[in-house]
Amino acid sequence: MSKVLIKQAEVVTMNEKNEIVKCDILIEHDRIKEIGVDLKVNDVEKVIDGRNKTVIPGFVQTHVHLCQTLFRGRADDLELMDWLKTRIWPLEAAHDEESLYYSALLGLGELIQSGTTSIVDMETVHFTDLAFQAIASSGIRALSGKVMMDKGDEVPIALQESTEHSIQESVDLLEKWHNFDHGRIKYAFSPRFVISCTETLLREVSTLSSSYEVNVHTHASENRGEIQIVEEETGMRNIEYLDYLQLANQRLILAHCVWLNDREKQIIKERGVHVSHCPGSNLKLASGVAEIPSLLHREISVSLGADGAPCNNNLDMFNEMRLAALIQKPANGPTSMDARTVLKMATIGGAKAIGLGDEIGSIEVGKKADLIILNLNDFHTYPSYDVDPISRIVYSATRADVETSIINGKIVMENRILKTIDKSIVLKEANGSIKRMIKRISELT
Ligand code: GUN
Ligand code: FE
């Protein structure tokens, strides 16, 4: 479809001027071609009636794990290291190609249905090619990579890999998938966290990331026990260690960052490192409340992510936005995290974190057409009269209000129906896959 015209919508642009306008949007191929009142266009393949609808940039989630979606509900009420060792690693070790594929599609269906149009995804040790295949067919914009873990205690045999293998497989995947579909998909090196990686591996990742100019995506300073282990092993604070390894730069995306001291915040700021804030996961794993107002005060890049299904247990950006705002208020005051700040983190902030600030994250002529159409005409979002649309989006709206989603100019969901993913097949195969995996684990133990 080469031309799509959205007519007479309320458009929350998230541009520099924070403009909210009532107008038409013309999409041609993958880009926003024109924005204006009463556009006259010939040869339009598709006209969408935008009256009484609100159009916003699609959400950019900068930390998810598609490979973990099948584990939803199987790892509740645990702290990070127990959660990993007793549930997540054994489950990741039980994946096969088919289960990985349906885990990814289940997550992608949920993400697209709840308005996310771009993700930064961390996979498991094996079968990452299947996640890329699912990402490719879903139409979502993504950075993804196989997890790298060449050391650690209590790691199941199936997840143990040598440094050489980890690097070779990462590079092979990068060469196959980086810039697939004109750059819609990108590779990101994904060392799991410092505890899982040798210094040799992390140094090599630093070198490869600069030579290929690709991002590095890892977990950091999520949990007090984790930073203590890092300090014991390296003699350094987590972020200082990453900086010592020359990983701290604008290509680095750090999930969590709950436990930082001032020096670490300073390094993150000076090096232009990006923080992916995961409020739902940080609460559910009892990790803590990240000091986001103090990071924003230092003008550090902060974006949002749901993390994986077994630590949230949803992949819904509306949940994360609401939590990101509310959890700061008791300690830091009611204005410490306002709705506009949160919506920025969820859209343009995420875009900047993945190096696509000029391409996505706001609705502007020339940018890629990644946008969602909301229907805010319901009990829970009314009255609308003279209410700031951003308040309605962040504090009242839910995932069910996302009606249509366009990614890279392509309609991937229309009137809540996914165009790229067959829901009934994915739900059936998700149950079949996890059943097989549980059986495999029980046979091993
Ligand atoms: N730290 C290391 N691995 C993981 C993971 O899979 N999820 C989360 N939340 N933290 C981690
Ligand atoms: Fe995570």
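Everything quoted here is computed from the prediction, not taken from an experiment. In listed order, ligands and their atoms are each counted from 1.
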Tell me which one of Q61, H63, Q68 satisfies side-chain hydrogen bond (donor to acceptor under 3.5 Å, both in side chains) with D307. H63

Counting C-beta onward and ignoring hydrogens, is there a side-chain heavy-atom pair between L374 and V55 closer than 4.5 Å? no

At a threshold of 2.8 Å, where the distance has to be below it, does the Fe ion (ligand 2) have an N, O or S atom of C311 nearby? no

side-chain hydrogen bond (donor to acceptor under 3.5 Å, both in side chains) test vs S362 passes for just one of K344, E19, K367, namely K367

Number the atoms of ligand 1 from 1 as they appear, then name those within less than 4.0 Å of a heavy atom of E222, with their elements. 1 (N), 8 (C), 9 (N), 10 (N), 11 (C)

Any N or O of H63 closer than 3.5 Å to N or O of ligand 1: no

Within 45° cone of Y212 ring axis and under 6.0 Å: R251 NZ or CZ: no

Metal check, the Fe ion (ligand 2) vs H63 N/O/S, cut-off below 2.8 Å: yes

Given 3.5 Å as the limit, does a donor-acceptor pair link the side chain of S190 with the main chain of A188, or not? yes

Closer than 4.0 angstrom: is that true for some heavy atom of H256 and an atom of ligand 1? yes

Assess whether a salt bridge exists between R184 and D30, defined as any Lys/Arg side-chain N lying under 4.0 Å from an Asp/Glu carboxylate O. no

Atom 6 (O) of ligand 1: nearest protein contact (heavy atom, Å): R192 NH2, 2.7 Å

So which bit of L80 gets within less than 4.0 Å of ligand 1, heavy atoms only: side chain, backbone, both or neither? side chain

Distance-only donor-acceptor check, side chains S144 and D121, under 3.5 Å: yes

Backbone or side chain, does any N or O of E92 fall under 3.5 Å from an N or O of ligand 1? no

Check this for me - ligand 1, Q68, N or O atoms closer than 3.5 angstrom, yes or no? yes

Testing L143, L105, L108 one by one against I135 for a side-chain contact (heavy atoms from CB on, under 4.5 Å), which residue passes? L108

F193 heavy atoms, cut-off 4.0 Å: which ligand 1 atoms fall inside? 1 (N), 2 (C)

Heavy-atom distances under 4.0 Å decide this one: backbone, side chain, both or neither, for E226 against ligand 1? neither

Do any N/O/S atoms of H65 come under 2.8 Å of the Fe ion (ligand 2)? yes

Measure the distance from atom 8 (C) of ligand 1 to every protein heavy atom, then report the residue, atom name and distance (to 0.1 Å) of the closest one. H219 NE2, 3.5 Å

Of all the N, O or S atoms in D307, the one nearest to the Fe ion (ligand 2) is OD1

Let me know which of Q160, E199, E233 forms a side-chain hydrogen bond (donor to acceptor under 3.5 Å, both in side chains) with K151. E233

Can you name the atoms of ligand 1, numbered from 1 with element, that are less than 4.0 Å from a heavy atom of L84? 2 (C), 3 (N), 4 (C), 5 (C), 6 (O)

Ligand-residue contact atoms, ligand 1 with W83, heavy atoms, under 4.0 Å: 5 (C), 6 (O), 7 (N), 8 (C)

Establish, from distance only, whether the side-chain atoms of T335 and D338 form a donor-acceptor pair under 3.5 Å. no

Proximity to ligand 1 by part of M122, non-hydrogen separation under 4.0 Å: neither

Salt bridge (charged side-chain N to carboxylate O under 4.0 Å, His left out) with R322: which residues, sequence neighbours excluded? none

Considering only non-hydrogen protein atoms, determine which one is nearest to atom 9 (N) of ligand 1 and report residue, atom name and distance to 0.1 Å. D307 OD2, 2.7 Å

